[in-house]
Amino acid sequence: MNSSFQRLIESGRTAVAPSVLAADFSRLEDELAAVEAAGADYLHLDVMDGHFVPNITFGPMIVKSIRKLSRLPLITHLMISDPAKYAEEFVKAGSDLISFHAEAAGPGQGEVLERIHSLDCRAGIAINPDTPLSLVEPFLGEIDLLLVMSVFPGFGGQKFIAEAMGKARRASDLRAEKGHRFVIEVDGGINAATAAAAREAGAQILVAGTAVFGTDDYAGAIRAIRG
Ligand code: DX5
Ligand code: ZN
């Protein structure tokens, strides 16, 4: 993962991470093979606990199954209230990177980051559309990924909130200014039309659920999002 991230930053290329949430879970093996063949760079795994967000998806057991079914690096997006408590299970399940929400960790962001790194896993922080970048600024030198949410987390298929791109742009400027090495991922409402705004704001990884799994041409959808 280290080298895959480094290569990504150096290449200047936009990567696409299909969100498995929008896949047909009754045909998961075929779906994962299809997005891999269609040129996906990562898989984005949305874990929701029904507490931090008003929806429940899946836990480490499913991540472990997905690990067996795909060679793509797994970026796990924890939308859960107590990320420190469950980080280890998601590392053991095969996550290559674990991102947790700044709003969930509160003043404990540094400890959660340390916890994930101590498990020999890459770590990222996610911020909601209405969370200021200043909340995560003290940690920008320590994270491997900044996840800028362009919808309020909880559900796939929502409308892209373009205003959130100002934060991606500022994070990208700060990164250049301070020499940080984190990757910027934008998540929520990404499709062929909205992807351009995220790319222009400096995002390297674009997450797309509905816009990939909701079409019958995964390769075409990924290509259009990559731009
Ligand atoms: C939202 C999730 C997103 C979502 C993306 O809570 O974090 O990853 O599944 O789905 P689309 O691309 O449909 O907005
Ligand atoms: Zn997500």
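Just so you know, ligand 1 is whichever comes first in the structure, and atom 1 is the first atom listed for that ligand. Below, all heavy atoms of this structure are taken into account, side chains as well, without hydrogens, waters or symmetry copies.
Using the six-membered ring where Trp is involved, Phe52 and His101 have ring planes that are tilted, between 30° and 60° apart.
At a heavy-atom cutoff of 4.0 Å, ligand 1 is surrounded by Ser19, Leu21, His44, Asp46, Met48, His77, Met79, Met149, Pro153, Gly154, Phe155, Gly156, Gly157, Asp187, Gly188, Gly189, Val207, Ala208, Gly209, Thr210.
A salt bridge between Arg115 and Glu111 is absent, with no side-chain N of the basic residue lying under 4.0 Å from a carboxylate O of the acidic one. Taking a cutoff of 4.0 Å between a charged side-chain nitrogen and a carboxylate oxygen, Asp173 and Arg170 do not qualify as a salt bridge. Using a cut-off of 4.0 Å between Lys/Arg side-chain N and Asp/Glu carboxylate O, Arg181 and Asp144 are scored as not salt-bridged.
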Can you give each donor-acceptor pair under 3.5 Å made by side-chain atoms of residues 146-162, sequence neighbours left out, with the distance rounded to 0.1 Å?
{"residue": "Ser150", "atom": "OG", "partner": "Asp187", "partner atom": "O", "Å": "3.0"}
{"residue": "Ser150", "atom": "OG", "partner": "Gly188", "partner atom": "O", "Å": "2.7"}
{"residue": "Gln158", "atom": "NE2", "partner": "Phe152", "partner atom": "O", "Å": "2.7"}
{"residue": "Gln158", "atom": "NE2", "partner": "Phe155", "partner atom": "O", "Å": "3.0"}

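Of the listed residues (Ile75, Val16, Val186, Leu97), just one forms a side-chain contact (heavy atoms from CB on, under 4.5 Å) with Ile205, and that residue is Ile75.
Leu28 and Val207 are not part of a single hydrophobic cluster, where members link through side-chain heavy atoms under 4.5 Å apart.
Around the Zn ion (ligand 2), protein atoms of type N, O or S found under 2.8 Å number 4.
Partners of Thr131 by side chain to side chain donor-acceptor pair (under 3.5 Å), not counting sequence neighbours, listed by chain and number: Glu103.
For the atom pair CZ of Arg122 and CG of Leu113, the computed distance is 12.0 Å after rounding to the nearest 0.5 Å.
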